Q: 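Questions regarding the structure given below will be posed in turn.
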Number of protein chains: 2
Amino acid sequence: MENVKNISESEWKVLEVLWDKPGSLIGEIRTALAGSGWSYSTIKTLVLRLTQKGALYTKETPQGKEYYPAVDEDKSRRDETKHFLDRIYNGSVRMLFSNLVKDSKLSDKEAEELMGLIDKMED
Amino acid sequence: MENVKNISESEWKVLEVLWDKPGSLIGEIRTALAGSGWSYSTIKTLVLRLTQKGALYTKETPQGKEYYPAVDEDKSRRDETKHFLDRIYNGSVRMLFSNLVKDSKLSDKEAEELMGLIDKMED
DNA sequence: AAATCAGGGTTACAGGTGTAAACTATAGAT
DNA sequence: ATCTATAGTTTACACCTGTAACCCTGATTT
């Protein structure tokens, strides 16, 4: 369960399937990704690459290979989030929020409250 | 000022320079990016690509070309944010936050307050 | 004038990513 | 026994991205 870097956007979608249902067979992955528009080949490539990256592993069973995520969902999300924040908001949750709040329907007072909590959160 | 897609991570850093000081000359961009470790060539490539993507434009002056961002900083940030949220949190600010809060030092009560505001925000 | 340097244009090149076909083995369907 | 659908392995290929060199020109230095 270590830090595997550089999971691409498409690969991420495959991982999501496995986070949702670890131990899926390839057929189940296919079904889950039916809406993606990807061909079977494409899905297999993504699975292959994730395996090569160490982001998933398989277990042999009589039914075929079961696929398991080798990275933690929450941790992966947090890593991505940190990277995103650094990249776009210079690491500041506050900046992110002052941006998000603009589009929202919070009152000024609520927005202020929110920002206060975020400041506290960021320490 | 339209939606220019696919600004890469490196290109973004160049844009940041221009958002900060629109109309910079190439030398100023270089100086601003001195800490990046990029060679002059690299910086010019990034500028070139941004130009090709329509994300910046130039104005000729006796001093040389001035470089201007052609995309709005806040809007670009919001676009990136939306993309990120969709990709990682299924579009939900709430999920993002319930994740962020975990690492924070907010009390349970504060966290709850925060989540309440976010729910209101998301509508 | 010759050498040097910043600016501008063109070209390069490897690794990552999206997207998939080709081929092979196998197991269930007929 | 044969055909066909599914799984698995290998290979492909174009575009994006990070990173940069090469070459030309005009300005500045010596």
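Convention: sequence-line order gives letters A, B, ...; per-chain numbering from 1. We use all heavy atoms of the structure for the numbers below, so side chains are in, but hydrogens, waters and symmetry mates are not. All of these numbers come straight from a predicted model, not from anything done at the bench.
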Q: State whether A:T45 places a side-chain N or O below 4.0 Å from either non-bridging phosphate oxygen (OP1 or OP2) of C:dG18.
A: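 Answer no for this pair, as no side-chain N or O of A:T45 is under 4.0 Å from OP1 or OP2.
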Q: In whole angstrom, give the distance that lies between atom CG of B:L46 and atom C1' of C:dG8.
A: 15 Å
Q: For a quick check, tell me whether the side chain of B:R49 and the base of D:dT19 share a donor-acceptor pair closer than 3.5 Å.
A: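 When only heavy-atom distances are counted, B:R49 does reach the base of D:dT19 through a donor-acceptor pair under 3.5 Å.
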Q: Any side-chain N or O of A:Y67 under 4.0 Å from OP1/OP2 of D:dG8?
A: yes
Q: Rounded to whole Å, please give me the gap between CD in A:Q52 and C1' in C:dT17.
A: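 Distance, rounded to whole Å: 13 Å.
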Q: From CD of B:E11 over to P of D:dT19, roughly how many Å is that when rounded to an integer?
A: 12 Å
Q: Using the C1' atoms of the five pairs at each end, what is the angle between the end axes of the helix from C:dA1-D:dT30 to C:dT30-D:dA1, to 10°?
A: 10°
Q: Please walk me through it: do B:K21 and B:E28 pass salt bridge (Lys or Arg N to Asp or Glu O under 4.0 Å)?
A: CA-CA 9 Å; B:K21 184 161 181 305; B:E28 301 174 294; 2.8 Å; yes
Q: Whole Å only: how far is the CD1 atom of B:I7 from the P atom of D:dG18?
A: 12 Å
Q: Sort and list the pairs that fulfil ring-ring contact (aromatic ring centres under 6.0 Å, His included) and have at least one residue in residues 100-123 of chain B, not counting sequence neighbours.
A: none
Q: Starting at CD of B:E66 and ending at C1' of C:dG8, how long is that distance when rounded to a whole Å?
A: 16 Å
Q: Would you say that B:E110 contacts A:M121 through its side chain, given a criterion of any heavy-atom pair below 4.5 Å between the two side chains?
A: no
Q: Any ring-ring contact (aromatic ring centres under 6.0 Å, His included) involving residues 24-79 of chain A? Give me the pairs, sequence neighbours left out, ordered by first then second residue.
A: A:Y57-A:Y68
Q: Between B:K65 and C:dA6, is there a contact of a side-chain N or O with OP1 or OP2 at under 4.0 Å?
A: no
Q: Can you find a side chain N or O atom of B:S41 that sits less than 4.0 Å from OP1 or OP2 on D:dC22?
A: no
Q: Which label fits A:F84 and A:Y89: parallel for a plane angle under 30°, tilted from 30 to 60°, or perpendicular past 60°?
A: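 Perpendicular.
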Q: Less than 4.0 angstrom between a side-chain N/O of B:T42 and OP1 or OP2 of D:dA20, yes or no?
A: yes
Q: Counting C-beta onward and ignoring hydrogens, is there a side-chain heavy-atom pair between A:L48 and A:Q52 closer than 4.5 Å?
A: yes
Q: Expressed in angstrom and rounded to an integer, what is the separation of B:I43 atom CD1 from D:dT17 atom P?
A: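 Between P of D:dT17 and CD1 of B:I43: 18 Å.
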Q: So does A:S39 reach the base of C:dA20 with its side chain, donor to acceptor, closer than 3.5 Å?
A: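 Donor-acceptor pair under 3.5 Å: no.
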Q: For C:dG7, does the base pair up with any side-chain atom of B:R30 as donor and acceptor (N or O, under 3.5 Å, distance only)?
A: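 Between C:dG7 and B:R30, which were checked side chain against base, a qualifying N/O pair under 3.5 Å is absent.
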Q: Rounded to whole angstroms, how far apart are CG on A:L48 and P on C:dT19?
A: 17 Å
Q: Choose from D:dT19, C:dG8, D:dG18 the nucleotide whose nearest atom is closest to any side-chain atom of B:Y40.
A: C:dG8
Q: Contact between A:E73 and A:R78 at the side-chain level, heavy atoms closer than 4.5 Å - yes or no?
A: no
Q: Counting side-chain heavy atoms from C-beta on, which of D:dT19, C:dG7, C:dT19 comes nearest to B:S10?
A: D:dT19
Q: Any side-chain N or O of A:K53 under 4.0 Å from OP1/OP2 of C:dG15?
A: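 Looking at the OP1 and OP2 atoms of C:dG15, neither is under 4.0 Å from any side-chain N or O of A:K53.
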Q: Quick one: A:I26 CD1 to D:dA5 C1', roughly how many Å, whole number?
A: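 In whole Å, D:dA5 C1' and A:I26 CD1 are 15 Å from each other.
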Q: Could you say whether B:G64 or A:S8 is positioned toward the 5' end of DNA chain C, judged by the nucleotide with the nearest heavy atom to each?
A: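 Result: B:G64.
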Q: Test for a donor-acceptor pair under 3.5 Å between the base of C:dG9 and the side chain of B:K44, counting only N and O atoms.
A: yes
Q: Kindly determine whether B:D74 and A:K102 satisfy salt bridge (Lys or Arg N to Asp or Glu O under 4.0 Å), including the steps that lead there.
A: CA-CA 10 Å; B:D74 257 30; A:K102 275 180 205 158; 2.2 Å; yes
